[in-house]
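Contents: one structure, followed by commentary.
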Number of protein chains: 2
Amino acid sequence: MSTGTTLANIRNLLHQSGFKLTPQREATVLVLLENEKDHLSAEEIYMLVKKKSPEIGLATVYRTLEMLTELKVVDKVSFNDGLSRYDVRKEGAKHFHHHLLCLECGSIEEVEDDLLGDVELIVEKKYHFLVKDHRLTFHGICSKCQLKKKEQAVLDKEAAATTLP
Amino acid sequence: MSTGTTLANIRNLLHQSGFKLTPQREATVLVLLENEKDHLSAEEIYMLVKKKSPEIGLATVYRTLEMLTELKVVDKVSFNDGLSRYDVRKEGAKHFHHHLLCLECGSIEEVEDDLLGDVELIVEKKYHFLVKDHRLTFHGICSKCQLKKKEQAVLDKEAAATTLP
DNA sequence: TTTATATTAATAATCATTATAAATTAAAAA
DNA sequence: TTTTTAATTTATAATGATTATTAATATAAA
């Protein structure tokens with residue numbers, strides 16, 4: 001549980017922004033807070049929220065996520081798989097966290113390090129582009145799949161050795 | 001027209017990879033090469049290809065783009081708008097080019113500068129993640145919309161001044 | 001020239017997401 | 001506390017980007 005972004009904070013924000021706090025919205029926020037590291041899709045969030053708010057409809061989850069995204073409570077990220085993922089924004093975070101997307105198993109890991117340094121300033125000055133946010137995703141192979149591939153390579157080698165007369 | 005990635009190169013690559021060179025595929029590649037800077041969606045590409053290959057179907061464009069993406073001739077990028085965009089990959093490019101996405105008008109500009117330096121190495125070493133590619137997108141306001149906003153602010157100010165008694 | 005099979009067009013289907021309209025409810029007002 | 005208002009929800013339909021299917025067509029190797 002992040003020290004900054006809490007249910008109470010989000011309640012306040014909704015109120016200040018003129019939105020009502022419904023049980024469905026609260027359940028959705030709770031699920032997001034409980035699963036901060038998981039980069040859940042809307043459908044996944046829906047399934048989890050349903051356990052807290054069984055009558056909820058998928059469309060409501062989508063609406064809630066959209067509202068939270070516009071309020072900048074939540075970050076929405078698209079990878080190349082046709083799904084959007086939703087993360088609670090770390091309050092006070094200086095930059096958006098980055099993602100490591102495994103091309104083999106589809107797992108997504110977070111990188112909190114500030115990898116960009118002053119790049120936003122460079123972009124603003126050189127390209128006259130007022131930067132509000134950014135997204136950085138690395139596509140590659142996670143350590144687990146790298147291990148798997150090594151093991152598989154070993155097995156393949158042994159199988160070939162066994163086959164030889 | 002990039003000096004590296006040409007129709008001839010792509011023809012060779014298709015052949016070497018065991019794919020046939022159909023007029024539809026050729027037309028698609030031509031459109032992509034002619035519109036390198038434009039970050040076209042599948043639908044936009046389809047409309048352009050149709051001018052060269054009037055009988056072509058949208059599904060064929062999708063299939064061709066998918067094949068070119070798998071062959072790494074084309075890069076597919078997703079922003080948060082539900083569409084995928086397709087760019088010809090610059091042959092020999094050391095890194096993927098970056099994007100400036102304007103939140104106001106939706107325009108997309110390219111950044112060719114290498115903004116990341118050795119970040120991929122850092123990620124590989126620290127996170128044990130074998131990096132194959134990356135995507136970096138800046139969300140913000142383009143210079144045109146910044147100008148527009150300034151002009152609008154000026155107009156608003158004048159309107160307010162006119163209204164005052 | 002023939003053959004094999006990759007590829008296409010036309011159409012249907014899928015799926016993530018959004019729209020719709022009646023019903024419900026949160027919270028402000030009385 | 002009750003009433004009112006309009007925001008919000010549910011259930012369902014609709015949308016649009018993309019993929020699957022199948023008969024027809026076409027590329028390129030033999």
Side-chain angles (χ1 to χ4, degrees), chain A residues 7 10-29 31 39-71 73-86 106, chain B residues 7 10-29 31 39-71 73-86 106:
Chain A
L7 187 58
I10 297 173
R11 277 204 194 105
N12 283 337
L13 182 61
L14 258 61
H15 188 258
Q16 286 162 29
S17 308
F19 292 109
K20 297 186 180 181
L21 183 71
T22 65
Q24 296 88 343
R25 288 173 174 171
E26 188 156 326
T28 304
V29 169
V31 162
H39 317 287
L40 302 176
S41 67
E43 174 84 23
E44 287 167 335
I45 293 166
Y46 168 63
M47 298 309 290
L48 292 172
V49 175
K50 222 157 104 163
K51 291 175 185 168
K52 298 172 190 291
S53 220
E55 312 294 330
I56 197 167
L58 178 56
T60 297
V61 171
Y62 272 108
R63 270 197 302 278
T64 302
L65 291 172
E66 177 64 24
M67 177 202 65
L68 293 171
T69 301
E70 288 182 4
L71 289 181
V73 172
V74 165
D75 287 315
K76 176 181 174 185
V77 201
S78 300
F79 305 117
N80 275 352
D81 63 353
L83 303 186
S84 296
R85 303 299 193 311
Y86 299 86
Chain B
L7 188 56
I10 296 172
R11 277 204 195 105
N12 283 336
L13 182 60
L14 259 60
H15 188 260
Q16 286 163 30
S17 307
F19 291 109
K20 297 184 182 185
L21 183 71
T22 64
Q24 295 89 339
R25 286 173 173 170
E26 189 156 326
T28 303
V29 169
V31 162
H39 317 288
L40 302 176
S41 67
E43 174 83 24
E44 287 167 333
I45 293 165
Y46 168 63
M47 298 310 289
L48 292 172
V49 174
K50 222 158 101 162
K51 291 175 187 170
K52 299 173 189 289
S53 219
E55 312 294 330
I56 198 166
L58 178 57
T60 297
V61 171
Y62 272 110
R63 272 195 302 276
T64 302
L65 292 172
E66 177 63 24
M67 177 203 64
L68 293 172
T69 301
E70 288 182 7
L71 290 181
V73 173
V74 165
D75 286 317
K76 175 181 175 185
V77 200
S78 300
F79 304 120
N80 274 352
D81 64 352
L83 302 186
S84 295
R85 303 292 188 326
Y86 298 87

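Proteins get letters first, then strands, A, B, ... in listed order; numbering begins at 1 in each.
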Counting the atoms with a prime plus P, OP1 and OP2 as sugar-phosphate, which does B/Glu55 contact under 4.0 Å by heavy atoms, base, sugar-phosphate, or nothing? sugar-phosphate

Would you be so kind as to tabulate the donor-acceptor pairs closer than 3.5 Å made by side chains of residues 44-51 of chain B, with sequence neighbours excluded?
| unit_1 | atom_1 | unit_2 | atom_2 | d |
| --- | --- | --- | --- | --- |
| B/Glu44 | OE1 | B/Ser41 | N | 2.8 |
| B/Glu44 | OE1 | B/Ser41 | OG | 3.3 |

By ring-ring contact (aromatic ring centres under 6.0 Å, His included) - contacts of A/Tyr62 (at least two apart): none

Side-chain N or O of B/Thr60 versus OP1/OP2 of C/dT8: is the shortest distance under 4.0 Å? no

Could you tell me which residues satisfy salt bridge (charged side-chain N to carboxylate O under 4.0 Å, His left out) with A/Arg85, sequence neighbours excluded, listed by chain and number? A/Asp81

Tell me, please, which residues at least two apart from A/Ser84 pass side chain to side chain donor-acceptor pair (under 3.5 Å). none

Whole-Å distance between D/dA28 P and B/Asn12 CG? 13 Å

In short, salt bridge (Lys or Arg N to Asp or Glu O under 4.0 Å) pairs touching residues 10-28 of chain B with sequence neighbours left out are B/Arg11-B/Glu26

Residue set satisfying salt bridge (charged side-chain N to carboxylate O under 4.0 Å, His left out) with B/Lys52, at least two apart, ordered chain then number -> B/Glu34

Mind checking if A/Ser41 touches a base, just sugar-phosphate, or nothing, with heavy atoms under 4.0 Å? nothing

Rounding to an integer number of Å, can you tell me how far A/Leu65 CG sits from C/dT18 P? 10 Å

Bend of the helix from C/dT1-D/dA30 to C/dA30-D/dT1 from end-axis comparison, five pairs per end, nearest 10°, comes to 30°

For B/Ser53, all residues meeting side chain to side chain donor-acceptor pair (under 3.5 Å), sequence neighbours excluded: none

Starting at the 5' end of nucleotides 20-30 of chain C, put B wherever the base has a protein heavy atom under 4.0 Å, S where only the sugar-phosphate does, and a dash everywhere else. ------BSS--

I want to check one thing: is the phosphate of C/dT17, taken as OP1 and OP2, less than 4.0 Å away from some side-chain N or O of A/Tyr62? yes

Please confirm whether the shortest side-chain N or O distance from B/Arg25 to OP1 or OP2 of C/dA6 is below 4.0 Å. no

Atom-to-atom span, CD of B/Glu26 to C1' of D/dA28 - whole angstrom: 15 Å

Taking CG from B/Leu40 and C1' from D/dA17, how many angstroms apart are they, rounded to a whole number? 16 Å

Nearest listed nucleotide, side chain of A/Leu83, among C/dA16, C/dT17, D/dT10: C/dA16

Please state how far atom CD in B/Glu44 lies from atom C1' in D/dA17, giving the value in whole angstrom units. 13 Å

